[in-house]
Amino acid sequence: MTQTNYTDKVTRVAIIANGKYQSKRVASKLFSILKDDNDFYLSKKNPDIVITIGGDGMLLSAFHMYEKELDTVRFVGIHTGHLGFYTDYRDYEVDQLIENLRADNGQSAAYPILKVTIYLENGKVIKARALNEATIRRIEKTMVADVIINKVPFERFRGDGMLIATPTGSTAYNKSLGGSVLHPTIEALQLTEISSLNNRVYRALGSSVIIPKKDKIEIIPKRLGTYTLSVDNKTFHYKNVTKVDYSIDHHKIHFVASERHTSFWERVKDAFIGESDS
């Protein structure tokens with residue numbers, strides 16, 4: 001994507017679309033309008049605003065594309081399928097989006113993200129960020145792990161695995177596991193068990209736990225073997241994980257704030273409840 005006539009006063013815009021026909025059609029329309037607009041400069045390098053076209057998965061991918069530029073970039077999404085939690089515009093509202101971008105004053109809606117640090121037995125340390133959630137599972141057998149919250153030994157977990165969700169991710173996999181829905185402005189994490197063993201021999205809390213911003217979660221596996229760790233839509237396999245730390249990252253994701261930045265509770269209602277019968 002290229003464009004000439006760039007000056008420092010214009011807004012740098014990146015357009016990121018998935019491979020579906022409708023998404024490509026919307027991207028083409030956006031490009032044709034913005035490339036001739038002197039208020040905008042189209043470039044995927046160092047953008048001020050990233051427009052994603054597709055759904056929540058596309059925005060997740062764009063987040064990871066620009067996760068090292070979170071302090072300088074804002075996101076806005078167009079959904080071309082089902083209603084998404086990260087998308088404010090429908091595919092037929094391109095003109096409204098452009099009008100709002102022209103009137104944009106730089107304001108943003110900022111939400112917390114998750115920092116993940118993985119420690120391996122060989123001394124290697126892997127760091128990652130998640131917008132929605134991260135999970136840890138053991139492949140061969142039941143996972144046994146000590147859970148430490150804010151330096152307090154909380155429980156010895158036995159089960160399939162553990163999930164740590166951000167507030168924006170609370171409506172995704174976390175909700176399907178019985179976790180709570182959190183408003184995305186709440187700076188907290190949620191720890192949710194995945195098929196825990198809870199009987200006379202093995203005890204677990206059995207409910208999700210809301211962890212405040214200042215507290216760190218440590219999960220220390222007690223058995224050697226291969227572990228599957230997911231960070232949003234990416235999956236990794238590591239042998240002999242010694243510890244995984246989870247905490248609120250000092251960066252946030254920023255969305256373009258306008259009257260079209262849909263109420264979170266409206267999104268929850270539309271996604272899970274719908275219109276009432278009365």
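Computed from a predicted structure; not experimentally measured.
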In short, G54 meets S23 closest at the heavy-atom pair CA-OG, 3.7 Å
Could you measure the distance from the CG atom of L34 to the CG atom of L42? Nearest 0.5 Å is fine.
5.5 Å
Answer yes or no: is there an ion pair linking R74 with D104, defined by an N-O contact shorter than 4.0 Å?
yes
Test of understanding: clusters of I, L, V, M, F, W, Y form through side-chain heavy atoms closer than 4.5 Å, transitively. Do I136 and V209 belong to the same one?
yes
Test your reading of the model: is there a side-chain donor-acceptor pair from D249 to the backbone of K115, 3.5 Å cut-off?
no
Is S43 reaching over with its side chain to a backbone N or O of K45, donor-acceptor style, under 3.5 angstrom?
yes
Salt-bridge criterion met for E187 and K252 (N-O under 4.0 Å)
yes
Can I211 be reached from I186 by stepping across I, L, V, M, F, W or Y side chains whose heavy atoms are under 4.5 Å apart?
no
Does N132 form a side chain to side chain donor-acceptor pair (under 3.5 Å) with Y173? I'd like the steps, not just the answer.
CA-CA 9 Å; N132 268 1; Y173 187 17; over 6 Å; no
Sidechain-backbone polar pair: D232 side chain, E133 backbone, donor-acceptor under 3.5 Å
yes
Should V244 and L229 count as side-chain neighbours, where that means a heavy-atom distance under 4.5 Å?
yes
So Y227 and M143, side-chain contact (heavy atoms from CB on, under 4.5 Å) or not? Walk me through it.
CA-CA 9 Å; Y227 288 82; M143 188 177 90; 3.8 Å; yes
Distance, nearest 0.5 Å, that separates OG1 of T72 from NE2 of H254
9.0 Å
Shortest non-hydrogen contact from T80 toward V26:
CG2-CG2, 4.3 Å
Please assess D71 against H251 for the test side chain to side chain donor-acceptor pair (under 3.5 Å), listing each intermediate value before the final yes or no.
CA-CA 7 Å; D71 293 337; H251 298 283; 3.0 Å; yes
Does any non-hydrogen side-chain atom of D39 lie less than 4.5 Å from one of V10?
no
Would you compute the distance between atom CE of M162 and atom CG of L191 and round it to the nearest 0.5 angstrom?
3.5 Å
Is there a side-chain contact (heavy atoms from CB on, under 4.5 Å) between V144 and F157 once you walk through the steps?
CA-CA 6 Å; V144 178; F157 171 84; over 6 Å; no
Side-chain ion pair, D95 and K29, N-O less than 4.0 Å:
yes
Rounded to the nearest 0.5 Å, what separates atom CD1 in I16 from atom CZ in F63?
14.5 Å
Residues at least two apart in sequence or cross-chain that pass salt bridge (charged side-chain N to carboxylate O under 4.0 Å, His left out) with K68, listed by chain then number, are none
For G57 and N233 the tightest heavy-atom approach is O-ND2, 4.0 Å
Can you tell me if T242 uses its side chain to pair, donor with acceptor, with the backbone of Y119 under 3.5 Å?
yes
Please report the closest heavy-atom contact between L177 and E193, naming both atoms and the distance.
CD1-O, 4.1 Å
Once salt bridge (charged side-chain N to carboxylate O under 4.0 Å, His left out) is applied, do any residues pair with E218, and if so which ones, sequence neighbours excluded?
K243
Quick check: do V76 and I49 have side-chain heavy atoms less than 4.5 Å from each other?
yes
Please assess I164 against L114 for the test side-chain contact (heavy atoms from CB on, under 4.5 Å), listing each intermediate value before the final yes or no.
CA-CA 8 Å; I164 296 84; L114 173 64; 4.0 Å; yes
Is it true that D88 and R267 make a salt bridge, defined as a side-chain N closer than 4.0 Å to a carboxylate O?
yes
Tell me whether the count of non-hydrogen atoms from other residues, nucleotides or ligands lying under 6.0 Å of CZ in F272 goes above 12.
yes
Any chance you could lay out the side-chain contact (heavy atoms from CB on, under 4.5 Å) test for T135 and T228, step after step, and finish with the verdict?
CA-CA 8 Å; T135 65; T228 298; over 6 Å; no
Once you measure the plane-to-plane angle for Y66 and F75, does it fall in the parallel (<30°), tilted (30-60°) or perpendicular (>60°) bin?
perpendicular
Taking R129 for the side chain and E67 for the main chain, is one N or O donor matched with an acceptor at less than 3.5 Å?
yes
I'd like to know if the side chain of E93 reaches the main chain of R90, judged simply by a donor and an acceptor atom lying under 3.5 Å from each other, with no hydrogens or angles considered.
yes
For the pair R102 and D37, find out whether any cationic side-chain nitrogen is under 4.0 Å from an anionic carboxylate oxygen.
yes
Hey, quick one: are L163 and I217 part of the same hydrophobic cluster, counting side-chain heavy atoms closer than 4.5 Å, chains of contacts allowed?
no
Does one hydrophobic cluster hold both L197 and I194, with members joined at side-chain heavy-atom distances below 4.5 Å?
no
With distance as the sole test, does S28 use its side chain to make a donor-acceptor pair with the main-chain N or O of R25 at under 3.5 Å?
no
Where do S170 and S180 come nearest, in terms of heavy atoms and distance?
CB-O, 3.4 Å
Compare all side-chain heavy atoms of P47 with those of V13 and state whether any distance is below 4.5 angstrom.
no
On a heavy-atom basis, which atom in P184 and which in T168 lie closest, and how many Å separate them?
CB-CG2, 3.3 Å
With a 4.5 Å heavy-atom cut-off, do L131 and Y86 have their side chains touching?
yes
With rounding to the nearest 0.5 angstrom, report the CD1 to OH distance, I78 to Y92.
12.0 Å
Would you please say whether a donor-acceptor pair under 3.5 Å links the side chains of T226 and H237?
no
Do I219 and I148 have side chains that get closer than 4.5 Å, going by heavy atoms?
no
Within the 4.5 Å heavy-atom criterion, are Y111 and T185 side-chain neighbours or not?
yes
From CG (L189) to OG (S247), nearest 0.5 Å
7.0 Å
With a 4.5 Å cut-off on side-chain heavy atoms, are F236 and I118 touching?
no
Determine, using the 4.5 Å side-chain heavy-atom cutoff (strictly less than), whether I113 and V50 are members of one ILVMFWY cluster.
yes
side-chain hydrogen bond (donor to acceptor under 3.5 Å, both in side chains) against D48, all qualifying residues, sequence neighbours excluded
none
